[in-house]
**Q** 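Quick one: the structure is below, and I'll ask about it shortly.
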Protein chains: 2
Amino acid sequence: MENSTSIATENFIKAVFKHEQTEGADTKSGTIARELGITHAAATDMARKLASKNLVDYQKYKELKLTDSGRELAVHVLRRHRLWETFLNRVLGLDMHQVHTEAEVLEHATSDFLLDQIDAYLGYPKFDPHGDPIPDKNGMVDDSLAQITVSNAEVNIAYQVCRLSGSDEEFFDFCSSNQLVLGSTIIIRKHYPKNKMTEVEIGDVKLLLNSDFADAILVEAKLN
Amino acid sequence: MENSTSIATENFIKAVFKHEQTEGADTKSGTIARELGITHAAATDMARKLASKNLVDYQKYKELKLTDSGRELAVHVLRRHRLWETFLNRVLGLDMHQVHTEAEVLEHATSDFLLDQIDAYLGYPKFDPHGDPIPDKNGMVDDSLAQITVSNAEVNIAYQVCRLSGSDEEFFDFCSSNQLVLGSTIIIRKHYPKNKMTEVEIGDVKLLLNSDFADAILVEAKLN
DNA sequence: ATGCATATTTAAGCTTACTTAAATCATAAA
DNA sequence: TTTATGATTTAAGTAAGCTTAAATATGCAT
Ligand SMILES: [Mn+2]
Ligand SMILES: [Mn+2]
Ligand SMILES: [Mn+2]
Ligand SMILES: [Mn+2]
């Protein structure tokens, strides 16, 4: 029996997992296709194949759901991705965007042995440079934190930026140009629901964020 | 025009290059097939495809020869391989065999950008942990050294071990169990040509090497 | 409840990288 | 020079991952 998972499979399963996590709805083949830059036909095809390998539950026209082994695989890939990001950032000093791009390919080229070495070298880190939690060896993810997106945060309360969760270069460009780094204090000033914009303050800069950006910035209540 | 080279292509071209270098003869599809663990038919097929991409010169029943761009590609892959080996050894402390196994897959998952970062981090090393020369960014390899294999070395002269050139786990096991490391002083005591064995002395141990091992250990005359 | 726009699946076909089995070539021994 | 043995190539087929184009189902607006 073939037990090795291909790069295409790993990326597909990871995309399903991430969509399940962040949106929680509409995890259909079309959504995944768009995310991976392949056609709907190819995504449907893949869904059927992965169902036959017991990685997803797939019924025509229904949402994709990961099986237990599918979820296990996704978390394992995510662990490789985030450990590489942490390693490349801490050791080679790569920035948030570079780190993501490189990890996207290294995550498919890393043995369990090498992963353990990296993990130990870093001292078993719990978060990657974006603030994303790193699953441990058993697939456990630290999800205990009370994090909300800027778009859902209350106005006029001081929050702390705890996660910059994007994959796109412009987003990270924008963040580093505007003092938006992990740990920054941020105050949400006003929501503009009709226009899907949020006005925020960081230090002495005021920013008007569109919903994509406001969804990608996670914050938690300040402790002090 | 597709310019990206697949993993299979990179491994094939690298195998041809290495065979050209070490044996210098008999670089036929069958030899490469054996090296890569694929069938003769698959190797022939690949040879034809790579010829159409101008990476090898291929004529039926003749030896495979790399074209200039084929050689360029091979050297580039070798550079990635050896920089990863050096990095994994120096930073994570992996041993010679582990380093090789991991580099065999990382070499296909490394951007030019990341490679430059690794190179700079290591201080532009000239040799990998096996003593193999690392090609520079322009594909130049430091081949100036007067290295010979133990099987070709003169008897009763003190040499220095400068290269342990194998890919197989048992070989490295044997080396590290017998004080055979880069820099060790070694004296060749006797050649047994009929039996293809060589008797050597390292410190106070005498070893009888078969030709595979005696070919994989390179030495140079001691300077002092 | 019906119809239509949109999403999804099916069908047919392509490329890469393999396989096994059969045919053919090369060359060394007789 | 002939022959046979082994190496090499050809032929046919498979699986993964894609594509485009056509068919079909879904679900929302009327
Ligand atoms: Mn990936
Ligand atoms: Mn991350
Ligand atoms: Mn390789
Ligand atoms: Mn090496």
Side-chain angles (χ1 to χ4, degrees), chain A residues 1-16 19-20 23-65 69-70 73-74 77 104-105 107-109, chain B residues 1-16 19-20 23 25-65 70 73-74 77 104-105 107-109:
Chain A
M1 297 285 102
E2 271 319 303
N3 204 13
S4 74
T5 61
S6 69
I7 294 175
T9 293
E10 292 187 349
N11 282 333
F12 191 96
I13 292 288
K14 199 180 69 168
V16 174
H19 200 82
E20 269 188 4
E23 318 300 315
D26 220 47
T27 314
K28 308 252 208 66
S29 46
T31 319
I32 305 302
R34 210 170 311 118
E35 202 140 314
L36 296 176
I38 60 179
T39 60
H40 287 201
T44 301
D45 207 49
M46 195 60 162
R48 259 198 297 102
K49 277 180 203 158
L50 296 186
S52 86
K53 288 177 180 160
N54 199 34
L55 291 170
V56 299
D57 283 335
Y58 169 65
Q59 295 168 171
K60 286 200 221 176
Y61 303 106
K62 297 271 181 67
E63 298 210 329
L64 299 175
K65 294 223 181 301
S69 38
L73 173 58
V77 176
E104 200 55 59
V105 16
E107 69 188 1
H108 312 293
Chain B
M1 295 287 98
E2 272 320 304
N3 203 13
S4 74
T5 61
S6 68
I7 294 174
T9 294
E10 291 187 350
N11 282 333
F12 192 95
I13 291 289
K14 200 179 69 168
V16 174
H19 200 83
E20 269 187 4
E23 318 301 314
D26 219 45
T27 313
K28 308 250 208 70
S29 45
T31 319
I32 305 301
R34 209 169 311 120
E35 201 140 314
L36 296 177
I38 59 180
T39 59
H40 286 202
T44 301
D45 207 48
M46 195 60 162
R48 260 199 296 100
K49 279 182 203 153
L50 297 185
S52 86
K53 288 178 180 159
N54 200 32
L55 291 169
V56 299
D57 282 335
Y58 169 64
Q59 294 167 175
K60 286 201 223 176
Y61 303 106
K62 297 272 183 65
E63 298 209 330
L64 298 175
K65 294 221 181 303
L73 174 57
V77 177
E104 199 55 59
V105 18
E107 70 188 359
H108 312 292

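A, B, ... follow the sequence lines: proteins, then strands. Residue 1 opens every chain. The basis for the numbers below is simple: all heavy atoms, side chains too, and nothing from hydrogens, waters or symmetry mates.
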**Q** For nucleotides 22-27 of chain D, tabulate all protein N/O to nucleotide N/O atom pairs closer than 3.5 Å, reporting atom names and distance.
**A**
{"from": "D:dA25", "atom 1": "O4'", "to": "A:Y61", "atom 2": "OH", "distance (Å)": "3.1"}

**Q** Go through the side-chain N and O atoms of A:E10 and A:T5 and say whether any donor and acceptor fall under 3.5 Å apart.
**A** yes
**Q** To the nearest Å, give me how far apart CD1 (A:I7) and C1' (C:dT16) are.
**A** 14 Å
**Q** What is the separation between atom CG on A:N11 and atom C1' on D:dG17, rounded to the nearest whole Å?
**A** 13 Å
**Q** Tell me the closest heavy-atom pair linking A:I32 and A:H19, and the distance in Å.
**A** CD1-CB, 4.5 Å
**Q** Do you know the tightest heavy-atom contact between A:I13 and A:G70?
**A** CG2-O, 3.3 Å
**Q** Return the nearest nucleotide to the side chain of A:K53; candidates are D:dT9, C:dT16, D:dA16.
**A** D:dA16
**Q** Look at the side-chain N and O atoms of B:S29 and state whether any lies under 4.0 Å from the OP1 or OP2 oxygen of D:dA7.
**A** no
**Q** Measure from CG on B:D26 to C1' on D:dG6 and round the result to the nearest Å.
**A** 13 Å
**Q** Of all of residues 39-52 of chain A, which get a heavy atom below 4.0 angstrom from DNA chain C, listed by number?
**A** A:H40, A:A41, A:T44, A:R48
**Q** Do NZ/NE/NH1/NH2 and the carboxylate oxygens of B:K14 and B:E104 come within less than 4.0 Å?
**A** yes
**Q** Tell me the interatomic distance from B:E63, atom CD, to D:dT9, atom P, rounded to whole angstroms.
**A** 12 Å
**Q** Once you round it to whole Å, what is the distance between P of D:dG17 and CD1 of A:I13?
**A** 11 Å
**Q** Rounding to an integer number of Å, can you tell me how far A:I38 CD1 sits from D:dT20 P?
**A** 12 Å
**Q** Heavy atoms under 4.0 Å, any strand shown: does A:Y58 hit a base, just sugar-phosphate, or nothing?
**A** sugar-phosphate
